Structures are given as C-alpha cells and as structure tokens.
Amino acid sequence: MDTKSKRNTPKTYIAKDANRRLREHLQIMGRDVQLVATEGIVEKALSNHPDMFLCKLGLRDDAPVWSATGLELSPGYPKDCAFNAACTGKYFIHNLAYTEPSLLAAAKEMGLVLIDVKQGYAKCSTVIVTENAIITSDEGIAKACEPYEDLEVLLVQPGHVRLEGYNSGFLGGASGRVGRELIFNGNLLRHPDFTAILDFVEAHGLTCKWFPEYQLTDIGSIL
C-alpha cells in the first residue's frame with residue numbers, strides 16, 4: 001500500500017496484546033490497525049487499553065479522536081479515567097467531574113448532549129450501537145439515559161467478560177463498532193444475554209461479529 005492509500009485508510013485502535021484473530025479480521029475489513037501500548041501511566045492491566053487514552057467523538061470514520069498525552073493520567077481510579085467517555089456522536093456520557101477539560105470543551109463545542117453519570121469508566125461500561133442506541137450493564141448509566149426519549153438502552157447482566165488482574169471486565173471494553181458491524185472480542189455466544197444483544201443490534205440495522213475461539217475479553221474497546 002502506498003503512502004497516500006495508507007493515509008486514506010480508516011484507522012481502528014486496539015490494544016497491542018489483542019487477540020490475533022481480531023487484528024486479522026480488522027485488516028480484512030480494510031482498516032489501518034493502530035496498536036496501543038503504554039508503560040507507567042496507568043495500571044499495568046489497563047496500560048494497552050485504547051479507551052483509557054483515546055476518546056472518539058462519534059461513530060463516523062472521520063470523527064475526531066481526542067488523545068491523552070499521558071500527563072493528564074496517573075494510576076488508579078479516578079485519576080485514570082479522564083478520557084473514558086462514551087460518545088455516540090450525539091450523546092456524550094461520562095462522569096463530567098472527571099472528564100479532561102479540553103475533551104469536555106470539545107464535546108460542548110460540537111453540540112453533543114452531555115449526560116452526567118457516576119461511572120468514570122463510561123466507555124468501558126458502554127457498547128455504542130448507534131447515535132441513539134447503547135448497551136450497558138451499568139444501572140446508573142441506564143438510569144441517567146432515561147430522560148432522553150430517543151436514546152434506546154439495553155441493560156444487560158454485568159460480568160461474563162475476562163479482564164486480566166480483575167474479577168471481571170466490561171462488555172463495552174470488549175467491543176466496538178466498525179462500519180456496519182458491531183465486533184465483540186471473544187465468544188459473545190457465552191454471554192447470558194446473547195439473544196437480547198443480537199436482537200437489539202440487528203434491530204438497529206447492524207450485524208454482530210464475535211470469535212468463538214476464545215473468551216469474551218475486555219481490551220479497552222475497539223475504537
């Protein structure tokens with residue numbers, strides 16, 4: 001691929017240690033796969049997670065991606081969650097007290113609807129389906145979204161997602177939308193709400209992709 005073609009190829013950000021099957025699938029889809037890896041900024045188990053360092057302000061390929069320099073973050077919650085906002089392209093969901101100031105200013109300038117929640121790891125906790133549809137296992141996020149009548153929320157059971165070093169990861173951190181496909185990093189079929197998730201996603205005109213070869217795993221989202 002020449003330099004010009006590479007520059008025009010849409011980027012997708014995943015953890016450096018993400019499963020090879022995911023990386024290969026994204027490359028087959030024609031994505032420019034950007035591997036994220038850091039050391040000494042946040043806790044080791046989260047150090048390669050894109051959603052700790054990047055916030056994509058929308059679903060379009062050309063949506064702006066806000067990135068941390070590392071100076072805004074340090075190990076431990078809530079010092080590590082300043083960029084972990086869930087943005088659908090219409091709604092910006094985060095604990096706004098923890099949002100990095102320039103990111104929050106950008107969201108306001110873009111005219112995004114701000115939804116303040118208690119969860120600082122909002123992107124980890126949220127699967128973004130469309131501008132007006134999300135999936136979450138966080139009851140607080142679901143409750144905060146209730147006043148917005150055009151925002152559909154599927155509330156699923158927490159857990160059932162692997163995250164090394166923790167009792168459980170988050171479904172949002174184990175997934176991401178790429179084009180018209182919602183990709184789950186691992187075997188979504190083993191999630192107890194598989195049927196509800198599949199029906200919800202397909203009702204919004206998308207298809208689901210998952211990998212039965214390995215356990216559903218939180219890798220800090222597919223951005």
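Note that this is a predicted model, so its numbers are computed, not measured.
Side-chain atoms of T217 and N19, non-hydrogen and from C-beta on, never get closer than 4.5 Å to each other. Contact check for T99 versus L114: no side-chain heavy atoms found under the 4.5 Å cut-off. Side-chain atoms of L57 and F92, non-hydrogen and from C-beta on, do get closer than 4.5 Å to each other. With contacts defined as side-chain heavy-atom distances shorter than 4.5 Å, the pair H191/V156 qualifies. Side-chain contact check for T126 versus T88: every heavy-atom pair is 4.5 Å or farther apart. Counting heavy atoms from C-beta on, the side chains of Y214 and R162 never come closer than 4.5 Å. V161 places none of its side-chain heavy atoms less than 4.5 Å from the side chain of F184. Side-chain atoms of V153 and Y148, non-hydrogen and from C-beta on, never get closer than 4.5 Å to each other.
The cluster map of Ile, Leu, Val, Met, Phe, Trp and Tyr, joined by side-chain heavy atoms under 4.5 Å apart, puts I135 and V117 in different clusters. With hydrophobic clusters built from ILVMFWY side chains whose heavy atoms lie under 4.5 angstrom apart, V33 does not share a cluster with V65. Residues L206 and F211 fall into different hydrophobic clusters, defined by Ile, Leu, Val, Met, Phe, Trp and Tyr side chains chained together at heavy-atom separations under 4.5 Å. A single hydrophobic cluster is seen to contain both I197 and V127, as judged by linkage of ILVMFWY side chains at heavy-atom distances under 4.5 Å, directly or through other members. Two different hydrophobic clusters hold V129 and L59 under the rule that ILVMFWY side chains link at heavy-atom gaps under 4.5 Å.
Note: E181 CD to R177 CZ = 11.0 Å, rounded to the nearest 0.5 Å. Considering CD of E131 and CG of D150, their distance stands at 9.5 Å, rounded to 0.5 Å. Distance check: K11 NZ to L223 CG gives 14.0 Å after rounding to the nearest 0.5 Å. Interatomic distance, H160 NE2 to F170 CZ, rounded to the nearest 0.5 Å: 13.5 Å. In this structure, CG on L54 lies 8.5 Å from CZ on F83, to the nearest 0.5 angstrom. Here CD1 of I93 is found 6.5 Å from CD1 of I141. Values are rounded to the nearest 0.5 Å.
Here the shortest heavy-atom pairing between V42 and S47 reads CG2-CA, 3.8 Å. Of all heavy-atom pairs spanning S168 and G159, the tightest one is OG-CA, 3.1 Å. Heavy atoms only, all atoms of each residue included: D80 and M52 are closest at O-CE, 3.1 Å. The two residues I183 and H25 have their closest heavy-atom pair at CD1-CD2, 3.9 Å. Closest approach of P158 and S137 over heavy atoms only: CA-CB, 3.6 Å. The shortest non-hydrogen separation linking K56 to C87 is O-CB, 3.5 Å.
Checked by atom type and distance alone, the side chain of D116 pairs as donor or acceptor with a backbone atom of L96 at under 3.5 Å.
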- Message: Between I222 and V178, does the side-chain contact (heavy atoms from CB on, under 4.5 Å) criterion hold? Intermediate values first, please.
- Response: CA-CA 8 Å; I222 302 164; V178 180; 4.1 Å; yes
- Where do R180 and T207 land on the side-chain contact (heavy atoms from CB on, under 4.5 Å) test, with the steps shown first? CA-CA 7 Å; R180 303 299 297 175; T207 60; 5.7 Å; no
- Please report the C-alpha distance between D193 and L154 in whole Å, then the side-chain angles of each, then the deciding distance to 0.1 Å, and finally whether the side-chain contact (heavy atoms from CB on, under 4.5 Å) criterion is met. CA-CA 10 Å; D193 293 312; L154 175 65; over 6 Å; no
- Given E100 and S102, is the side-chain hydrogen bond (donor to acceptor under 3.5 Å, both in side chains) satisfied, shown in steps? CA-CA 6 Å; E100 197 278 324; S102 64; 2.3 Å; yes
- side-chain contact (heavy atoms from CB on, under 4.5 Å) evaluation trace for N48 with L35: CA-CA 8 Å; N48 296 341; L35 302 179; over 6 Å; no
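The number of heavy atoms from other shown groups lying within 6.0 Å of CD (E164) does not exceed 12. Applying the 6.0 Å contact sphere to CD of E213 captures more than 12 heavy atoms from other residues, nucleotides or ligands. Surrounding CD of E202 are more than 12 heavy atoms belonging to other residues, nucleotides or ligands, all under 6.0 Å away.
Residues near L71 contribute nothing to a hydrophobic cluster around it, because no ILVMFWY side-chain heavy atom sits closer than 4.5 Å to its side chain.
In summary, the aromatic rings of F200 and H204 are positioned with their centroids under 6.0 Å apart.
Among N84, N95, D138, T136, the single residue meeting the side-chain hydrogen bond (donor to acceptor under 3.5 Å, both in side chains) criterion with Q119 is D138. Screening I128, I134, I115 against Y91 for a side chain to side chain contact (heavy atoms under 4.5 Å, CB included) leaves a single residue, I115.
Ion pair R20/E24 flagged as a salt bridge, since at least one NZ, NE, NH1 or NH2 atom sits closer than 4.0 Å to an Asp/Glu carboxylate oxygen.
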